[in-house]
Amino acid sequence: MTTPHRATPSAARRNEASRRAILAAAFELLQEVGYAKLSIEGIAARAGVGKQTIYRWWPSKGAVIFDAFLMLSEGSEGEPLALPDTGDLKADLTAVLHATVAELNDPRYDRPMRALATEIANDPELAAAYSQRLDGPMKEAKRQRLVSAQRAGQLADDLDLDVAVEMIWGPVLNRWLQRSGPLTAEYTDRVITTALNGLRPRPSGR
């Protein structure tokens with residue numbers, strides 16, 4: 001009986017170093033040349049690896065870009081995603097959406113994120129990976145923050161939380177994606193106020 005081959009610790013470290021170099025190179029090149037001109041060959045040259053090394057780990061440049069985004073949040077790997085929970089739902093949502101607007105407006109991320117959004121729209125496998133590894137966990141974190149608000153009596157018990165998540169975050173992402181208007185902190189404040197207050201008229205107070 002033969003002993004299964006296992007990568008030595010040093011080989012594992014080399015693989016991880018190569019992986020990170022590839023992802024960093026892909027992100028840098030995407031900002032410099034744009035997605036249309038980005039190539040596996042260019043990424044390999046920038047990272048100092050062979051083209052086949054990239055294809056061994058990723059099926060397409062879209063998959064490389066997606067993992068590059070995931071690498072940005074690896075500092076908290078192993079910990080569940082969670083939104084701030086100070087007990088003040090409106091303040092917490094305001095802080096999160098202000099940070100979201102700052103990131104979406106950051107020139108370092110705008111072009112790469114738009115390229116990724118385009119690839120997700122056209123690649124079912126990449127869309128599935130995005131849903132499982134990033135979008136799904138993020139939605140659950142948002143949903144759990146609303147669950148906490150429900151338990152505190154700040155939201156209706158029968159509220160459809162999945163729809164509520166889309167009502168709060170959807171307008172911001174849609175405005176960014178469609179460039180349909182200025183994406184500002186003031187806009188997110190109006191979104192939050194509208195979502196939390198509802199669309200029905202307020203009682204007259206008589």
Side-chain angles (χ1 to χ4, degrees), residues 20 23-24 26-32 34-35 62 64-121 126-127 129-152 154-155 159-199:
R20 288 183 169 273
L23 296 178
F27 199 82
E28 293 170 1
L29 282 172
L30 183 57
Q31 296 176 75
E32 295 172 12
Y35 190 79
V64 179
I65 294 303
F66 175 51
D67 272 8
F69 275 101
L70 288 179
M71 186 177 69
L72 297 178
S73 59
E74 281 184 350
S76 57
E77 190 175 11
E79 300 178 6
L81 294 171
L83 268 63
D85 191 349
T86 65
D88 186 333
L89 177 61
K90 186 172 184 179
D92 292 342
L93 292 177
T94 298
V96 170
L97 286 184
H98 283 191
T100 300
V101 165
E103 182 176 285
L104 292 174
N105 285 330
D106 190 327
R108 294 175 299 170
Y109 303 122
D110 181 76
R111 179 186 266 186
M113 287 190 292
R114 290 185 184 280
L116 179 60
T118 300
E119 282 302 294
I120 288 171
L126 185 60
Y130 171 75
S131 177
Q132 179 182 359
R133 299 172 62 192
L134 185 58
D135 190 48
M138 281 301 305
K139 282 183 177 178
E140 182 58 22
K142 296 167 184 175
R143 190 178 186 281
Q144 288 304 314
R145 180 60 187 91
L146 299 188
V147 167
S148 176
Q150 269 187 326
R151 292 171 179 162
Q154 299 172 340
L155 295 175
L159 180 67
D160 187 321
L161 296 179
D162 294 320
V163 173
V165 167
E166 293 179 358
M167 288 180 64
I168 295 169
W169 276 270
V172 176
L173 296 177
N174 185 69
R175 178 169 280 211
W176 169 75
L177 188 61
Q178 302 295 333
R179 303 183 192 271
S180 57
L183 188 59
T184 63
E186 291 75 19
Y187 173 70
T188 67
D189 292 345
R190 297 199 303 273
V191 169
I192 293 169
T193 297
T194 301
L196 295 183
N197 290 347
L199 302 178

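Below, each value reflects all heavy atoms present in this structure, side chains not excepted, and no hydrogens, waters or symmetry copies. Quick caveat: nothing in here was measured; it's all calculated off a predicted structure.
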Less than 4.5 Å apart, side chain to side chain, heavy atoms only: is that true for V191 and E186? no
Test side chain to side chain contact (heavy atoms under 4.5 Å, CB included) applied to L116 and L30, step by step: CA-CA 10 Å; L116 179 60; L30 183 57; over 6 Å; no
>> Is the shortest side-chain heavy-atom distance between L134 and F66 below 4.5 Å?
In response: yes
- So, do E32 and E28 sit near enough that their side-chain heavy atoms are less than 4.5 Å apart? yes
Would you say that V147 contacts L155 through its side chain, given a criterion of any heavy-atom pair below 4.5 Å between the two side chains? no
Practice task
Ignoring hydrogens and angles, tell me if any N or O in the side chain of T194 forms a donor-acceptor pair with the backbone of R190 under 3.5 Å.
Solution key: yes
By salt bridge (charged side-chain N to carboxylate O under 4.0 Å, His left out), K139 pairs with (sequence neighbours left out) D135
Between the CE atom in M113 and the OG1 atom in T118, the distance rounded to the nearest 0.5 Å is 12.5 Å
State, without any angle test, whether Q154 and Q150 hold a side-chain donor-acceptor pair at a distance under 3.5 Å. no
### Task
I would like to know whether D162 and K142 meet salt bridge (Lys or Arg N to Asp or Glu O under 4.0 Å); could you show each step before the answer?
CA-CA 9 Å; D162 294 320; K142 296 167 184 175; over 6 Å; no
Check: W169 and L93 side chains under 4.5 Å, non-hydrogen atoms
yes
request  = Report yes or no: does D189 contribute a side-chain atom to a donor-acceptor pair with the main-chain N or O of T94 at less than 3.5 Å?
outcome  = no
Are any side-chain N or O atoms of R145 and backbone N or O atoms of A82, one a donor and one an acceptor, separated by less than 3.5 Å? no
Test of ring centre spacing under 6.0 Å for F69 and F27: yes
Check your understanding: Can you tell if the side chain of K90 reaches within under 4.5 Å of the side chain of D88, non-hydrogen atoms only?
Key -> yes
message = Cation-pi check for Y35 against R111: NZ or CZ below 6.0 Å from the six-membered ring centre and within 45 degrees of the axis, yes or no?
response = no
Report task. Using atom types as modelled and distance alone, determine if a side-chain donor or acceptor of R175 lies under 3.5 Å from a backbone N or O of P182. Result -> yes
### Message
Using modelled atom types and a 3.5 Å cut-off, is there a donor and acceptor pairing between side-chain atoms of N105 and backbone atoms of L183?
### Response
yes
